[in-house]
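Note sheet for the following structure.
Throughout, protein chains are lettered first and strands after them, A, B, ... in sequence-line order, and every chain is numbered starting at 1. Quick caveat: nothing in here was measured; it's all calculated off a predicted structure.
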Protein chains: 2
Amino acid sequence: MNRVFKALSDPTRRRVLQLLRERPMSAGELADHFPVAKATMSAHFAVLREADLIAADKQGKTITYRLRLSVLEDALLAFADSFGIGFPAAAAQPALDKPREESA
Amino acid sequence: MNRVFKALSDPTRRRVLQLLRERPMSAGELADHFPVAKATMSAHFAVLREADLIAADKQGKTITYRLRLSVLEDALLAFADSFGIGFPAAAAQPALDKPREESA
DNA sequence: CTTTCATTTCGATGTTTAGCTAAATGTCGT
DNA sequence: ACGACATTTAGCTAAACATCGAAATGAAAG
């Protein structure tokens, strides 16, 4: 959970998650949305991966990242819950969030 | 919003919020729960105050901090909302334009 | 098999942050 | 006014972090 919050503490990383909210994207495609070097973005991806907030699918030359919504959801819900903050009707459908692959 | 997430990125600060969840506490009382110097805790309080997550009530010698739950709640809900977590009503509305984020 | 492309890793640098001790501030009781 | 108490501010260090350009990795294409 600490890793998740650390990952969320950076605006660039939060925006990466936002971008992945709609569709998976390659590292380069994501990087094109930000005014920083690709190496910098790669480091951000690593942090997000460490937190298990994104997953990487390697397909040939490119690496496609996708959001692991359930991980974000679980962390947010657990935290909010511990404050009695009610998230109305959570867990809609895990359609975009791929099957079990080392859930944290 | 950035300040809130930055504030939440530290475990000590998250724990402070948890402690304040039930009842307000003085700075010293809070500090007694952590193995760090009071001055260090004071810095943490400042960060939480900057993020508006806690409010200080000065009463004589002591300063009593209380949780500003609505601020935490608003931030959490807004963020979760933008991912379609919780609030099924908001999920029906596509929020493509995300608000610009200022890091101060 | 060499080049090209996508991405990561390496090494270096400036900034931020958490932590400390010591000193300052403000307040209470005497 | 003085001394004790609660908290913050100041000054510092060490670690963590964001960032970069350059080099390395690995896969496809010629």
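For the pair A:Arg49 (side chain) and A:Ile54 (backbone), a donor-acceptor distance under 3.5 Å is absent.
Applying the ring pair (Phe, Tyr, Trp, His ring centres under 6.0 Å) criterion to A:Phe5, with sequence neighbours excluded, gives A:Phe79. Looking at residues two or more places apart in sequence or on another chain, you find a salt bridge (Lys or Arg N to Asp or Glu O under 4.0 Å) between B:Asp57 and B:Arg66. Every residue two or more places apart in sequence or in another chain that forms a side-chain hydrogen bond (donor to acceptor under 3.5 Å, both in side chains) with B:Thr64 is listed here: B:Gln59. For B:Ile63, the side chain to side chain contact (heavy atoms under 4.5 Å, CB included) partners at least two apart in sequence or on another chain are B:Ala56, B:Lys58, B:Tyr65. B:Glu22 pairs by the side-chain hydrogen bond (donor to acceptor under 3.5 Å, both in side chains) definition with nothing, not counting sequence neighbours. Under the rule for a salt bridge (Lys or Arg N to Asp or Glu O under 4.0 Å), the partners of A:Arg3 that lie at least two apart in sequence or sit in another chain are A:Glu50.
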Given protein heavy atoms under 4.0 Å, the one-letter contact record of nucleotides 20-30 of chain C, with B base, S sugar-phosphate only and - none, is simply BBB----BS--
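Interatomic distance, CZ of A:Arg15 versus CG of A:Leu19, reported as 6.0 Å (0.5 Å rounding). In this structure, CD1 on B:Ile85 lies 5.0 Å from CG on A:Leu69, to the nearest 0.5 angstrom.
Residue B:Tyr65 has no polar side-chain atom (N or O) positioned under 4.0 Å from OP1 or OP2 of D:dA6.
Look at CD1 on A:Ile63: it is 12 Å from C1' on C:dT9, rounded to the nearest Å.
Residues A:Phe83 and B:Gln18 form a side-chain contact, since some pair of their non-hydrogen atoms from C-beta on lies under 4.5 Å apart.
Contacts between residues 43-57 of chain B and DNA chain D, defined by a heavy-atom separation under 4.0 Å, are made by B:Phe45, B:Arg49. Heavy-atom distances under 4.0 Å link DNA chain D to B:Ser26, B:Ala27, B:Gly28 of residues 19-33 of chain B, given in residue order. Non-hydrogen atoms lying under 4.0 Å from DNA chain D are contributed by A:Lys6, A:Asp10, all within residues 1-10 of chain A.
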B:Leu8 and B:Leu17: side chain to side chain contact (heavy atoms under 4.5 Å, CB included), yes or no, with the steps? CA-CA 9 Å; B:Leu8 292 180; B:Leu17 296 180; 3.6 Å; yes
Return all side-chain donor-acceptor pairs below 3.5 angstrom for residues 29-38 of chain A, not counting sequence neighbours, or 'none' if the list is empty.
{"residue": "A:His33", "atom": "ND1", "partner": "A:Glu29", "partner atom": "O", "Å": "2.9"}

List, one per line, each side-chain donor-acceptor pair under 3.5 Å for residues 40-47 of chain B, sequence neighbours excluded.
{"residue": "B:His44", "atom": "ND1", "partner": "B:Arg13", "partner atom": "NH1", "Å": "3.1"}

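In this structure, A:Ser42 reaches the bases: a heavy-atom distance under 4.0 Å links it to at least one base atom across the strands shown.
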